[in-house]
Amino acid sequence: MAVSSSLYRYRQAKSAIALTLAILATLIGLVFLVWILWTTLLNGLEALSPKLITEMTPPPGEDGGLANAFMGSLMIVLLAVVIGTPIGILAGTYLAEYSRGKKIGDLIRFVNDILLSAPSIIIGLFVYEVVVRQTGHFSGYAGGIALAFIFLPVVVRTTDEMLRLVPDVMREAALSLGIPRWKVTVNVLYRAAAAGILTGVLLAVARISGETAPLLFTALNNQYWSTDMSEPMANIPVVIFQYAMSPYDEWHALAWAGAFVMTAIVLVLSVVSRTVLNRKGGK
């Protein structure tokens, strides 16, 4: 009895220590999150006005906005989503449904995990060599391709995991009715895993929205309004980088304002994705 009581107290102490450390880690994360949001808001408050989304990036020493940079970022991210979403979902479907127990599936997952953790600057340099140097100039298309390489492995991994969570009973029931396998995948499995797949897409969008290094090598920047993706395009991450490194106070304020907007967008996307997943899981 004495040994059992001592072991129980030891386990209680370990549980209390683990719980305390977990709560402490959570509080530290929340403190830094609030600190980041407050700092960006405080420093960018001066430039948070309608001009931010209605006027172009200004020359040194003048007021202006980031309208062209917001539009450029939107177009580049949309291109990455258009490229990466169907490829990622199809690749994830192959891994979950057609490569079970096969070495090729394990190999693809391994390569996908490498791409998932690859530094974004390496991906930017790769696209620079393959696209920018071959075409002879920077472009929005090159930026979209670079972001698609970062976007793709997140969607592949999420789709694979979500489809594997669908019970095999659903597959067997549909197949026993004589339904073709591709229809089972489209009409049964995709519907069951739709919330998880959507969550993966939203999280991937949140990840690529603030990537700077790939765009420095591919889309670069443009001082003027441009929707021609075959030419260099303004984008928020690169503008923030260049303005933050400049000696002009007006540019510093715009950099902080752009940083706050991008942080808010990423935060909203993350919250929405979690809400969609949790709502689906609660049904």
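The chain is numbered in sequence order, starting from 1.
For Ser15 (side chain) and Gln12 (main-chain N/O), no donor-acceptor pair under 3.5 Å exists by modelled atom type. A donor-acceptor pair under 3.5 Å is formed between the side chain of Gln223 and the backbone N or O of Thr57. A distance-only check finds no donor-acceptor pair linking the side chain of Thr85 to the backbone of Val82 [under 3.5 Å]. The backbone N or O of Leu41 sits nowhere less than 3.5 Å from a side-chain atom of Asn43 that would complete a donor-acceptor pair. The closest donor-acceptor contact from the side chain of Thr39 to the backbone of Ile36 lies at 3.5 Å or more, if one exists at all. Formation of a donor-acceptor pair under 3.5 Å by the Ser139 side chain with backbone atoms of Ala142 is found in this model. In terms of modelled atom types and a separation under 3.5 Å, the side chain of Trp251 and the main chain of Pro58 share a donor-acceptor contact. Arg181 places a side-chain N or O within donor-acceptor distance of the main-chain N or O of Glu97, the cut-off being under 3.5 Å. At distances below 3.5 Å, at least one donor-acceptor pair connects side-chain atoms of Ser73 with backbone N or O atoms of Ile236. Side chain of Arg207 to main chain of Phe151: no donor-acceptor pair is present (N/O by atom type, distance under 3.5 Å, no hydrogens or angles).
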| message | With side chain to side chain contact (heavy atoms under 4.5 Å, CB included) as the criterion, how do Thr227 and Met75 come out once you've worked through the C-alpha distance, each side chain's angles and the decisive distance to 0.1 Å? | response | CA-CA 8 Å; Thr227 56; Met75 294 180 66; 4.0 Å; yes

| request: Carefully, step by step, assess Lys103 and Asp106 under the rule salt bridge (charged side-chain N to carboxylate O under 4.0 Å, His left out). | output: CA-CA 5 Å; Lys103 292 184 177 179; Asp106 295 334; over 6 Å; no

| side chain to side chain contact (heavy atoms under 4.5 Å, CB included) evaluation trace for Val272 with Leu202 | CA-CA 8 Å; Val272 169; Leu202 292 176; 4.0 Å; yes

| task | Please test Glu250 against Asp63 for side chain to side chain contact (heavy atoms under 4.5 Å, CB included), starting from the C-alpha separation and ending with a verdict. | result | CA-CA 6 Å; Glu250 294 84 3; Asp63 292 331; 3.9 Å; yes

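When side chains are defined from C-beta on, Arg157 does not count as touching Leu95, because their heavy atoms never get closer than 4.5 Å. Residues Val205 and Ser209 have side chains in contact (heavy-atom distance under 4.5 Å, counting atoms from C-beta outward). Residues Gln242 and Asn221 meet the side-chain proximity criterion, which asks for heavy atoms closer than 4.5 Å. Counting heavy atoms from C-beta on, the side chains of Trp225 and Met71 come closer than 4.5 Å. Asp160 places none of its side-chain heavy atoms less than 4.5 Å from the side chain of Tyr94. For the pair Leu115/Ile123, a side-chain contact is recorded, criterion being any heavy-atom separation below 4.5 Å from C-beta on. A 4.5 Å side-chain heavy-atom check between Leu30 and Thr26 finds at least one atom pair inside the cut-off. The shortest distance between side-chain heavy atoms of Thr218 and Val131 does not fall below 4.5 Å.
Here the CG atom belonging to Leu198 is positioned 9.5 Å from the CG atom belonging to Leu203, to the nearest 0.5 angstrom. Here the straight-line distance linking atom CG of Leu215 with atom CD1 of Ile208 works out to 9.0 Å at 0.5 Å rounding. Separating the CD1 atom in Ile240 from the CG atom in Leu254 is a distance of 10.0 Å, to the nearest 0.5 Å. Atom-to-atom distance recorded for Glu211:CD and Ile76:CD1 is 12.5 Å, nearest 0.5 angstrom. Ile150 CD1 to Ile145 CD1: the interatomic distance, rounded to the nearest 0.5 Å, is 13.0 Å. Atom NZ of Lys102 and atom CD1 of Ile108 lie 10.0 Å apart (nearest 0.5 Å).
Cluster membership for Leu175 and Met170, using ILVMFWY side-chain heavy atoms within less than 4.5 angstrom, is shared. Transitive grouping of hydrophobic side chains (ILVMFWY, heavy atoms separated by less than 4.5 Å) brings Val155 and Leu152 into a common cluster. Met245 and Leu220 are members of different hydrophobic clusters when ILVMFWY side chains are connected at heavy-atom separations under 4.5 Å. No path of Ile, Leu, Val, Met, Phe, Trp and Tyr side chains, each step under 4.5 Å between heavy atoms, connects Leu116 with Leu125, placing them in separate hydrophobic clusters. Val261 and Leu147 end up in the same hydrophobic cluster when Ile, Leu, Val, Met, Phe, Trp and Tyr side chains are linked at under 4.5 Å.
Put simply, the residue from Thr159, Thr93, Thr185 that forms a side-chain hydrogen bond (donor to acceptor under 3.5 Å, both in side chains) with Tyr190 is Thr93.
Nearest approach of Leu79 to Gly140, heavy atoms of both residues: CD2-O, 4.1 Å. Heavy-atom minimum distance, Ala206 versus Val266: O-CG2, 3.6 Å. Considering every non-hydrogen atom in both Gly210 and Met262, the closest pair reads N-CE, 4.3 Å. Considering all non-hydrogen atoms of both residues, Leu66 and Gly258 come closest at CD1-CA, 3.8 Å. Closest heavy-atom contact between Ser120 and Pro214: O-CG, 3.5 Å. Residues Val154 and Gly200 approach most closely at CG1-O, 3.8 Å, considering heavy atoms.
Residues passing the ring-ring contact (aromatic ring centres under 6.0 Å, His included) test with Trp182, sequence neighbours excluded: none.
No side-chain N or O of Glu231 forms a donor-acceptor pair with one of Asn222 less than 3.5 Å apart. Judged purely by distance below 3.5 Å, without hydrogens or angles, the side chains of Ser230 and Asp228 pair a donor atom with an acceptor atom. In this structure, a donor-acceptor pair under 3.5 Å is absent between the side chains of Ser226 and Asn68.
More than 12 heavy-atom neighbours from other residues, nucleotides or ligands sit within 6.0 angstrom of CG on Leu78. Within a 6.0 Å radius of CZ in Phe70, more than 12 heavy atoms belonging to other residues, nucleotides or ligands are found. Summarising the local packing, CD1 of Ile53 is surrounded by 12 or fewer heavy atoms from other residues, nucleotides or ligands at distances under 6.0 Å. Atom CZ of Arg11 has 12 or fewer heavy atoms from other residues, nucleotides or ligands within 6.0 Å. Other residues, nucleotides and ligands place no more than 12 heavy atoms under 6.0 Å from the OH atom of Tyr248. Heavy-atom contacts from other residues, nucleotides or ligands closer than 6.0 Å to CZ of Arg133 number 12 or fewer.
Ring centers of Phe138 and Phe217: at least 6.0 Å apart, outside the cut-off.
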